[in-house]
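Only one structure is covered here, and it is reproduced in the block below.
Read the numbers this way: they start at 1 and go in the same order the structure lists the ligands and their atoms.
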Amino acid sequence: MLNELEGKSIVVTGGGTGIGRATALACAAAGARVVVADVNLEAGRDTVSVISDRRGEAIFIRTDVSKEEQVESLVRDTLQAFGRLDGAFNNAGLSQTNLLLHELTAEQWHCIQSVNYDGVFFCMKHEIRAMLRSGKGSIVNVSSSLGRVAVPRAAEYCASKGGVLAMTKGAAVDYGAQGIRVNAVLPGITRTPMVESLAAQPQFAELLPRLEARHALGRLGSPEEIASAAVWLLSDASSFVTGAELAVDGGYLAM
Ligand SMILES: NC(=O)c1ccc[n+]([C@@H]2O[C@H](COP(=O)([O-])OP(=O)(O)OC[C@H]3O[C@@H](n4cnc5c(N)ncnc54)[C@H](O)[C@@H]3O)[C@@H](O)[C@H]2O)c1
């Protein structure tokens, strides 16, 4: 379907790189006016400039999702720029520390939770307030297959992503009657800067082939493949879908 997001105003957090960038580009290609929110100014602006080059409509709003006041202004500025908020892709996230749980400092624990978990809470809180005014909206939170199953040395990451799944269902139940749908995507391992930087560490030299073998399709995902699922969940084509955990993982969770 073409132009499935025509006229919709959509916020994409972590839209500077990886899955967020691919989703911002896909939303704009589907006709949405996109707000790219990222803590990384250069990357966020670059996404907007690519969208503009392709004759799409986008603005960049520098936002650290772990700071509630910044998320509040993100939503306020979005309403000012585009008049409404129809959809949100809450994707900004940090990867695991690769430490064991007993080695983690409280600071390292909170660092992950403040972005991956608190950040999704702050985003949903302010997005939902805006959507309640228009009586409609679609929120897509980015969890992970690691919100459902664990791998070694990622307990703090798994906890943050499992929390996102529970928060997604809670919000879906609370706001369904008001026309707001809330779903989660669970990407399998996806070739983004986050994964490439892990794989570049000497202790993970053998990582990529092993990771590929963990997927039924025998390969990692691309950011564009996650973006396609996000566009569908953000669009009216998924109008009866809420509270869902959509695994976009090449069969990772099926193995
Ligand atoms: N890549 C994977 O294999 C994979 C798998 C499952 C889930 N995920 C999840 O997908 C999401 C995107 O991951 P990615 O691989 O594209 O990562 P990435 O590192 O390529 O992109 C993350 C983006 O989030 C931004 N960001 C980080 N902290 C932020 C903050 N506090 N406020 C605003 N923006 C912030 C970064 O600047 C970056 O642009 C994350 O939530 C990640 O946990 C990724």
Counting each atom of ligand 1 from 1 as listed, which ones have a heavy atom of Ile189 under 4.0 Å away? 3 (O)
Ionic contact status for Asp236 with Lys136, cut-off 4.0 Å: yes
To the nearest 0.1 Å, how far is atom 43 (O) of ligand 1 from its closest protein heavy atom, and which atom is that? Tyr157 OH, 2.6 Å
With atoms numbered from 1 as shown, which atoms in ligand 1 lie under 4.0 angstrom from a non-hydrogen atom of Val195? 1 (N), 2 (C), 3 (O)
Is the shortest side-chain heavy-atom distance between Leu233 and Val185 below 4.5 Å? yes
Considering only protein heavy atoms, which is closest to atom 3 (O) of ligand 1, and at what distance to one decimal place? Thr190 N, 2.7 Å
Give the contacting part of Ile19 toward ligand 1: side chain, backbone, both or neither, where contact means a heavy-atom distance below 4.0 Å. both
In ligand 1, which numbered atoms sit nearer than 4.0 Å to a non-hydrogen atom of Asn40? 37 (O)
Using a heavy-atom cut-off of under 4.0 Å, does the side chain or the backbone of Lys161 touch ligand 1, or both, or neither? side chain
For ligand 1, does Val65 get within less than 4.0 Å through its side chain, its backbone, both, or neither, judged by non-hydrogen atoms? both
Any nitrogen or oxygen of Asn116 lying under 3.5 Å from a nitrogen or oxygen in ligand 1? Just yes or no. no
I need the minimum non-hydrogen distance between Cys123 and Thr13, along with the two atoms involved. SG-CG2, 3.9 Å
Quick one: which ligand 1 atoms are inside 4.0 Å of a heavy atom on Gly14? 23 (C), 24 (O), 25 (C), 39 (O)
Salt-bridged, Arg33 to Asp86, with N to O below 4.0 Å? no
A student checking ligand 1 against Gly18 at a 4.0 Å heavy-atom cut-off should list atoms 16 (O), 20 (O)
Under 3.5 Å, side chain of Ser73 to main-chain N/O of Arg76, donor-acceptor pair present? no
State the atoms of ligand 1, each with its element, that fall below the 4.0 Å cut-off from a heavy-atom position in Val142. 9 (C), 10 (O), 11 (C)
Contact atoms of ligand 1, heavy-atom distance to Val115 under 4.0 Å: 28 (N), 31 (N)
Under a 4.0 Å N-O cut-off, is there an ion pair linking Lys125 with Glu72? no
Ser66, any N or O under 3.5 Å of ligand 1 N or O: no
hydrophobic_cluster_shared for Leu146 and Val115, side chain cutoff 4.5 Å: no
To the nearest 0.1 Å, how far is atom 19 (O) of ligand 1 from its closest protein heavy atom, and which atom is that? Met194 CB, 3.7 Å
Indicate, as side chain, backbone, both or neither, the part of Pro223 found under 4.0 angstrom from ligand 1 when only non-hydrogen atoms are considered. neither
To which protein heavy atom is atom 27 (C) of ligand 1 closest, and what is the distance rounded to 0.1 Å? Gly93 O, 3.9 Å
Nearest option to atom 12 (C) of ligand 1, as decided by whichever heavy atom of Asn91, Thr63, Leu41, Leu186 sits closest: Asn91
Kindly identify the option in Asp64, Val185, Val39 whose heavy atom sits closest to atom 34 (N) of ligand 1. Val39
Any salt bridge linking Glu225 with Arg219? Criterion: basic side-chain nitrogen under 4.0 Å from a carboxylate oxygen. yes
Considering heavy atoms of the protein only, find what lies nearest to atom 7 (C) of ligand 1 and give residue, atom and distance to 0.1 Å. Ser143 O, 3.3 Å
Atoms of ligand 1 close to Pro193 [distance to a heavy atom under 4.0 angstrom, numbered from 1]: 20 (O)
Please determine if Asp46 and Arg21 form a salt bridge, counting it only when a charged side-chain N lies under 4.0 Å from a carboxylate O. yes
Considering heavy atoms of the protein only, find what lies nearest to atom 39 (O) of ligand 1 and give residue, atom and distance to 0.1 Å. Asp38 OD2, 2.6 Å
Identity and separation of the nearest protein heavy atom to atom 38 (C) of ligand 1: Thr17 OG1, 3.2 Å
Which residue is it: Thr242, Asn141, Asn183? I am looking for the one with a side chain to side chain donor-acceptor pair (under 3.5 Å) to Thr168. Asn141
Taking atom types as modelled, is there a side-chain donor on Glu127 or Asn90 under 3.5 Å from an acceptor on the other? yes
Give a yes or no answer on whether the side chain of Asn91 reaches the backbone of Gly14 with a donor-acceptor pair at less than 3.5 Å. yes
Hphob cluster co-occupancy, Val12 + Ile19, side-chain heavy atoms under 4.5 angstrom: yes
Nearest-contact summary for atom 14 (P) of ligand 1 - protein heavy atom, Å: Thr192 OG1, 3.5 Å
Are any non-hydrogen side-chain atoms of Glu103 and Arg153 less than 4.5 angstrom apart? yes
Is it true that Gly188 lies under 4.0 Å from ligand 1, counting heavy atoms only? yes
With a 4.0 Å cut-off on N to O distance, would you call Glu42 and Arg62 a salt bridge? no
